[in-house]
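Here the structure is laid out as structure tokens; the discussion comes afterwards.
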Amino acid sequence: MMDDLFAPPAGDEPHAERLAAGTVLLHGMAAPLAATLLDDIRAIAAQAPFRHMVTPGGYRMGVATTSCGELGWVSDPHGYRYSRLDPGSGQPWPAMPDSWRQLAGDAAARAGFAGFVADACLINRYEPGCKLSLHQDKDERDFSAPIVSVSLGLPAVFELGGLKRSERCARLTLRHGDILVWGGPDRLRYHGVLPLAGGEHPLLGACRINLTFRRAG
Ligand code: MD6
Ligand code: FE
């Protein structure tokens with residue numbers, strides 16, 4: 001099974017690059033779906049607008065976020081957590097499109113995590129200069145499920161660290177359509193995104209959007 005990852009991509013199979021025991025980069029896997037994903041993102045943002053959350057430490061995040069699915073990720077002076085309701089509207093988050101859940105499940109399976117069913121998708125929007133500081137994703141209830149991350153628009157330099165903040169980070173570029181899957185022994189690695197360089201993407205303009213699918217509840 002795992003050995004298939006190193007075989008050359010056949011037909012429309014994305015090229016899978018194993019970066020660590022539980023980390024696989026599926027090059028360009030989401031690119032054919034990008035136009036649909038963008039239409040869906042517009043519809044989701046019409047219901048649950050992108051906003052700049054404030055961290056528990058009182059900083060306004062440069063990255064703008066929204067969510068879809070049963071649970072959405074929220075940050076406020078009380079901490080980080082998942083919530084069934086959008087605190088902006090008091091309403092449930094927009095539903096996760098079936099095609100999104102399917103894509104995330106397919107990507108996870110290709111990376112060796114069969115049976116992944118996402119219940120939350122955090123949508124992050126970066127403009128040039130925006131960054132995401134080194135962090136761990138640890139607000140989810142169960143770390144046995146992987147995280148599936150879809151990159152759209154301008155390329156970003158992603159820092160992949162270790163299980164301790166002090167460990168040295170590897171840097172990799174996440175491009176339009178790339179899907180990064182990580183789980184198992186890598187699930188709690190520190191990671192971040194360097195300040196986004198300027199540019200114009202044909203579909204998204206001067207912007208990068210990242211979708212992270214999780215099993216949060
Ligand atoms: C981003 N991603 O790529 C931010 N977290 O914009 C994340 O923070 C992230 O890509 C967990 C797993 C994959 C990710
Ligand atoms: Fe993260």
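Computed from a predicted model, the values in this text were never measured in an experiment.
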Could you list the donor-acceptor pairs under 3.5 angstrom formed by side chains in residues 115-124, with sequence neighbours left out?
from : atom 1 : to   : atom 2 : distance (Å)
D119 : OD1    : A216 : N      : 2.7
D119 : OD2    : A216 : N      : 3.4
D119 : OD2    : G217 : N      : 2.9

What side-chain donor-acceptor pairs closer than 3.5 Å can you find for residues 33-45, not counting sequence neighbours?
from : atom 1 : to   : atom 2 : distance (Å)
D39  : OD1    : R42  : NH1    : 3.3
D40  : OD2    : W100 : NE1    : 2.8

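For the atom pair L188 CG and K164 NZ, the distance stands at 14.0 Å (nearest 0.5 Å). The CG atom of L203 sits 11.0 Å away from atom CG of L154, with the distance rounded to the nearest 0.5 Å. Separation of atoms CD1 (I147) and OG1 (T23) is listed at 11.0 Å; rounding is to 0.5 Å. Here F158 contributes atom CZ and T173 contributes atom OG1; the two are 11.5 Å apart, rounded to the nearest 0.5 Å.
Taking each heavy atom of A206 and P128 in turn, the nearest pair found is O-CD, 3.3 Å. Residue V148 comes nearest to A108 through the heavy atom pair CG2-CB, 4.0 Å, listed as atom of the first residue, atom of the second, then distance. When all heavy atoms are compared, the tightest approach of S75 to T55 is OG-CA, 3.4 Å. Minimum interatomic distance between L85 and P92 (heavy atoms only, all atoms of both residues): CD2-N, 3.6 Å. Listed here is the closest heavy atom pair of A111 and V24: CB-CB, 3.8 Å. For the residue pair F213 and A104, the shortest heavy atom distance occurs at CG-CB, 3.6 Å.
Proximity of P97 to C68: side-chain heavy atoms (C-beta onward) are separated by under 4.5 Å at one or more points. Annotation: side chain of Y82 is not in contact with side chain of E70 (no heavy-atom distance under 4.5 Å). In this structure, L71 and R84 have side chains that are in contact, with non-hydrogen atoms separated by less than 4.5 Å.
Around the CZ atom of R141, the shell of radius 6.0 Å holds no more than 12 heavy atoms that belong to other residues, nucleotides or ligands. Within 6.0 Å of OH on Y59 lie no more than 12 heavy atoms contributed by other residues, nucleotides or ligands.
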Take D186 and L160 through the side chain to side chain contact (heavy atoms under 4.5 Å, CB included) test and state the conclusion after the steps. CA-CA 10 Å; D186 297 326; L160 186 58; over 6 Å; no
Using the rule given for side chain to side chain contact (heavy atoms under 4.5 Å, CB included), can you reason through D76 versus M53, listing the C-alpha separation, both sets of side-chain angles and the distance that settles it, and then say yes or no? CA-CA 7 Å; D76 64 23; M53 293 210 219; over 6 Å; no
For L174 and L25, what are the C-alpha separation, side-chain angles and deciding distance, and is it a side chain to side chain contact (heavy atoms under 4.5 Å, CB included)? CA-CA 9 Å; L174 296 180; L25 179 54; 3.9 Å; yes
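Considering only residues two or more places apart in sequence or on other chains, Y190 meets the side chain to side chain contact (heavy atoms under 4.5 Å, CB included) condition with L134, Q136, R165. Q47 is linked by a side chain to side chain contact (heavy atoms under 4.5 Å, CB included) to P94, counting only residues two or more places apart in sequence or in another chain. Applying the ring-ring contact (aromatic ring centres under 6.0 Å, His included) criterion to F113, with sequence neighbours excluded, gives no partner residue. Not counting sequence neighbours, the partners of E127 by the side chain to side chain contact (heavy atoms under 4.5 Å, CB included) test are R125, C130. The salt bridge (charged side-chain N to carboxylate O under 4.0 Å, His left out) test applied to R101 returns D98, not counting sequence neighbours. By the ring-ring contact (aromatic ring centres under 6.0 Å, His included) test, H52 pairs with no residue at all, sequence neighbours left out. The salt bridge (charged side-chain N to carboxylate O under 4.0 Å, His left out) search around R171 returns E159, not counting sequence neighbours. With sequence neighbours excluded, no residue forms a side chain to side chain contact (heavy atoms under 4.5 Å, CB included) with R168. Y80 meets the ring-ring contact (aromatic ring centres under 6.0 Å, His included) test with W73; sequence neighbours excluded.
The hydrophobic clustering, which links ILVMFWY residues whose side-chain heavy atoms are closer than 4.5 Å, places L172 and I179 apart. Under the 4.5 Å side-chain heavy-atom criterion for Ile, Leu, Val, Met, Phe, Trp and Tyr, I209 and M29 are members of the same hydrophobic cluster. Following chains of ILVMFWY side-chain contacts shorter than 4.5 Å, one can reach V181 starting from L211, so the two form part of one hydrophobic cluster. L204 is connected to V150 through a chain of hydrophobic side-chain contacts under 4.5 Å among Ile, Leu, Val, Met, Phe, Trp and Tyr, so both are in one cluster. Both L196 and V193 belong to a single network of hydrophobic side chains, linked directly or stepwise wherever heavy atoms of I, L, V, M, F, W or Y lie under 4.5 Å apart.
The residue from H176, R175, H201 that alone fulfils the side chain to side chain contact (heavy atoms under 4.5 Å, CB included) condition with L152 is H176.
A donor-acceptor contact shorter than 3.5 Å is absent between the side chain of H27 and the backbone of D178. Remark: side-chain polar atoms of R51 are not paired, donor with acceptor, to backbone N or O of T66 under 3.5 angstrom. Put simply, the side chain of H135 gets close to the backbone of H191: a donor and an acceptor are under 3.5 Å apart.
Applying the salt bridge (charged side-chain N to carboxylate O under 4.0 Å, His left out) test to every pair with at least one member in residues 195-217, sequence neighbours left out, gives these pairs: D137-R214, E140-R214.
Between the side chains of S149 and N210, a donor-acceptor pair is found at a separation under 3.5 Å.
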